[in-house]
Amino acid sequence: MSSQTTSEQQRIEQLRRELNEHNYRYYVLNQPTIGDQDFDFLMHELQDLEARHPEMADPTSPTQRVGSDIQTEFRQVAHKYPMLSLSNTYSEADVRQWFESVQKGLGGEPFEVCCEMKYDGLSISLTYENGRLVQAVTRGDGVQGDDVTQNVKTIRSIPLILEKREDSVGNYPSSFEIRGEILMPWASFERLNAEREAAEEPLFANPRNAASGTLKSLDSRVVANRGLDAYLYYLLGEDLPADGHYENLEAARSWGFKISQGMKKVGTVEEILDYINYWDTERKNLPVATDGIVLKVNSQRQQRVLGFTAKSPRWAIAYKFKAERACTRLLEVTYQVGRTGAVTPVANMEPVQLAGTTVKRATLNNEDFIRSFDLHIGDMVYVEKGGEIIPKIVGVNIDERPIIAQRVEFIKHCPECGTPLVKYAGEAAWYCPNDATCGPQIKGRIEHFIARKAMNIDSLGPETVDEYYRRGIIHNVADLYEIEVQQINGDGSRTKSAQKIVNGIQKSKEVPFERVVFALGIRFVGETSARLLARHFKTMDALMAAGLQELQEVEGIGEVMAKSIIGYFHNEQNRTIVERLRSYGLQFALSAEQTAAASDKLAGQSIVISGVFARHSRDEYKLIIEQNGGKNVGSISGKTSFILAGDNMGPSKLLKAEKLGIKIVSEEEFLQMIES
């Protein structure tokens with residue numbers, strides 16, 4: 001090996017250490033020691049050296065934070081420790097009651113409580129082996145989640161490799177898990193929405209949605225560019241530094257993790273309430289969204305003594321802040337049309353600061369909502385954020401109403417196509433019945449069609465649908481199957497992504513019949529209804545020919561939904577689209593396997609699925625249960641027939657099942673039951 005090669009390899013190691021330290025100082029400590037230009041210079045030097053020395057490739061190198069476009073899907077991963085939810089409380093009385101229940105549960109033994117901010121983002125679990133980040137998994141259903149490791153690597157405040165520091169508290173375990181929240185800071189959120197508004201793209205409703213949508217992107221370069229952040233709040237493992245939760249997090253802080261500066265350990269309920277009252281005001285100055293306080297018994301030994309209820313740990317609780325309220329002037333009411341034709345009124349107001357963002361718009365729900373407040377243009381209205389997320393009008397200051405003020409009257413015609421609006425029996429909303437040529441409905445139906453639970457064309461998104469619609473490439477869902485690479489390749493530089501889109505569309509032809517029914521977007525027909533219809537009629541032809549009485553014989557299908565189905569298939573344009581989809585090869589009948597598998601072996605039985613399985617996925621087991629006459633239910637009750645349990649079944653569910661005497665059936669036992 002030449003001396004130059006050795007020197008360059010040593011320089012690579014040195015640059016990695018320097019850049020990791022600069023990342024830590026900038027994104028965790030907020031104390032940068034070099035400027036952006038100098039940082040970029042070092043990064044470019046490292047990239048050039050790594051390109052010359054591929055033998056030194058390292059997934060934890062700082063250069064991996066720029067992201068790539070090579071992901072095609074997220075892998076489902078089981079959590080080693082289930083990610084449970086917390087019970088919520090909204091009053092001081094509830095906090096006192098929880099504190100007293102802990103005292104009772106510990107038999108009067110003294111205890112401490114760790115008070116923390118409750119960040120409003122996306123829960124994440126990070127696994128480290130020998131000081132290196134090896135896996136990042138979303139919460140999912142608490143039992144398993146999506147492996148988003150490549151995306152998380154682009155978040156600069158999350159260390160890829162742990163460095164020994166002078167102030168390190170003890171040694172980090174050889175293997176441990178640390179959990180926290182992925183967030184989009186207010187500054188990043190405002191910048192992103194400003195960019196999307198300039199590009200005439202749909203805006204994100206709030207930082208949490210923006211963070212979630214970003215982290216779930218299959219292109220990690222998108223994640224790298226959107227400025228996500230992370231706060232960590234829970235350390236798990238077999239060899240932790242201390243029994244105390246607070247002490248473990250302080251140790252994790254010394255290892256390079258970003259831990260909330262607002263964390264505090266207290267011993268009395270009065271100290272807890274002082275902490276809550278302080279942060280109820282001070283949180284408005286934080287750079288990220290928060291929606292409450294989390295209280296945890298500090299000692300892990302005492303946590304184990306307290307245990308769990310059916311749904312959550314007894315040793316922790318979340319106090320939710322009351323929604324922040326502001327007063328501003330109503331300037332005008334505009335109207336939006338959704339994919340089903342539902343027309344939603346929107347209040348446009350003078351800008352006002354609310355829960356960290358500038359609010360200018362708020363939903364008014366429907367005509368009845370407007371009438372309940374007797375809204376007038378020019379009114380001073382009170383605005384809150386429901387759950388700190390969606391702005392809504394909660395009241396009107398009548399005393400401030402202008403002398404000459406025009407009452408808000410709901411429109412009579414579609415704001416997009418001019419068609420007279422209609423109202424269906426039992427519905428509060430007004431609808432535009434023109435689903436054939438009304439632009440927002442067409443685009444909305446296409447977006448619904450490509451969704452994950454429908455045709456699952458994940459290579460397309462709302463922005464792309466809007467672009468193709470504006471360019472005249474697609475006018476309805478059937479047009480998707482005629483898209484060719486050269487149509488969407490632009491100047492020829494997007495061949496790879498264009499081919500990916502076309503491949504994704506073609507692959508959707510394998511999607512089973514019940515999801516095709518759901519994907520059609522028939523008004524009032526949801527995912528469950530579509531599955532019931534598919535199971536009952538078995539073919540698209542039988543469903544299209546069904547009459548009112550026959551449709552209502554299907555469980556859960558009422559008169560309104562039945563009439564909507566008939567109306568959909570009687571529409572000539574819809575029938576043309578359906579026939580085109582048939583010609584392109586979509587699944588228009590239950591498969592032979594699905595039909596052959598049908599039985600009544602589970603008739604009348606309500607079944608809960610819990611855990612991770614080896615032979616089939618959870619969705620596949622739900623399908624098997626339905627095919628055999630059973631009913632899937634999400635929660636355990638006295639009416640539950642049995643629990644189909646895989647590995648890592650949630651402890652709360654196990655406890656409740658034992659308490660109610662409900663039978664636990666293993667995967668193998670269940671399959672034998674079906675096959676017998």
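Computed from a predicted model, the values in this text were never measured in an experiment.
Proximity of Val525 to Tyr568: side-chain heavy atoms (C-beta onward) are nowhere separated by under 4.5 Å. In this structure the side chain of Asn632 reaches within 4.5 angstrom of the side chain of Lys622, judged on heavy atoms. Within the 4.5 Å cutoff, side-chain heavy atoms of Lys563 are placed close to those of Leu548. Proximity of Ile624 to Ile674: side-chain heavy atoms (C-beta onward) are separated by under 4.5 Å at one or more points. Residues Ile607 and Val633 are not in side-chain contact: their nearest non-hydrogen atoms beyond the backbone lie 4.5 Å or more apart. Between Leu551 and Phe537, some side-chain heavy-atom pair lies under the 4.5 Å cut-off.
In this structure, a donor-acceptor pair under 3.5 Å is absent between the side chains of Tyr468 and Gln487. For the residue pair Thr539 and Asp541, no side-chain donor N or O sits within less than 3.5 Å of a side-chain acceptor on the partner. Checking Arg580 against Tyr481 by side-chain atom types alone, no donor-acceptor pair falls below 3.5 Å. Side-chain contact annotation: Ser212 with Asn209, donor-acceptor N/O pair under 3.5 Å absent. Between the side chains of Thr214 and Arg226, at least one donor N or O sits under 3.5 Å from an acceptor N or O. In summary, the side chains of Lys509 and Gln506 do present a donor paired with an acceptor at a separation below 3.5 Å, with no hydrogens or angles considered. No hydrogens or angles considered: a donor-acceptor pair under 3.5 Å links the side chains of Asp146 and Gln76.
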Margin query: For a salt bridge (Lys or Arg N to Asp or Glu O under 4.0 Å) check, start with the C-alpha distance between Glu514 and Arg535, then their side-chain angles and the critical distance, and finish with the verdict.
Written below: CA-CA 8 Å; Glu514 62 266 24; Arg535 292 280 174 269; 3.4 Å; yes
Next item on the list: Before giving the answer on side-chain hydrogen bond (donor to acceptor under 3.5 Å, both in side chains), spell out for Arg523 and Tyr431 the whole-Å C-alpha distance, their side-chain angles and the decisive distance to 0.1 Å.
Entry: CA-CA 11 Å; Arg523 186 173 293 152; Tyr431 289 84; 5.6 Å; no
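Here Lys443 pairs with Asp466 in a salt bridge; the nearest charged N to carboxylate O distance falls below 4.0 Å. At a threshold of 4.0 Å, the pair Glu579-Arg582 counts as salt-bridged, since one of the basic side-chain nitrogens sits closer than that to a carboxylate oxygen.
Taking all atoms of both residues into account, the shortest heavy-atom contact from Glu667 to His616 is OE2-N, 3.5 Å. Nearest approach of Met540 to Phe513, heavy atoms of both residues: N-CZ, 3.4 Å. Counting all heavy atoms, side chain and backbone alike, Ala136 lies closest to Leu126 at CB-CD2, 3.6 Å.
Between the side chain of Arg339 and the backbone N or O of His448 there is no donor-acceptor pair closer than 3.5 Å. Not a single donor-acceptor pair under 3.5 Å links the side chain of Arg361 to the backbone N or O of Pro391. The closest donor-acceptor contact from the side chain of Glu181 to the backbone of Ala230 lies at 3.5 Å or more, if one exists at all.
Atom CD1 of Ile505 and atom CD1 of Ile483 lie 4.0 Å apart (nearest 0.5 Å). Between the CG atom in Asp229 and the OG atom in Ser188 there is a gap of 8.0 Å [rounded to 0.5 Å]. To the nearest 0.5 Å, atom OG1 of residue Thr419 and atom CD of residue Gln441 are 8.5 Å apart. Expressed to the nearest 0.5 Å, how far CD1 of Ile474 lies from CD1 of Ile446 amounts to 4.0 Å. Summarising the geometry, atom CD belonging to Glu416 is positioned 9.0 Å from atom SG belonging to Cys432; distances are rounded to the nearest 0.5 Å. With rounding to the nearest 0.5 angstrom, the CD atom of Glu527 is 11.0 Å from the CG atom of Leu532.
Counted within 6.0 Å of CD on Gln486, heavy atoms from surrounding residues, nucleotides or ligands total more than 12; the atom is thus considered enclosed.
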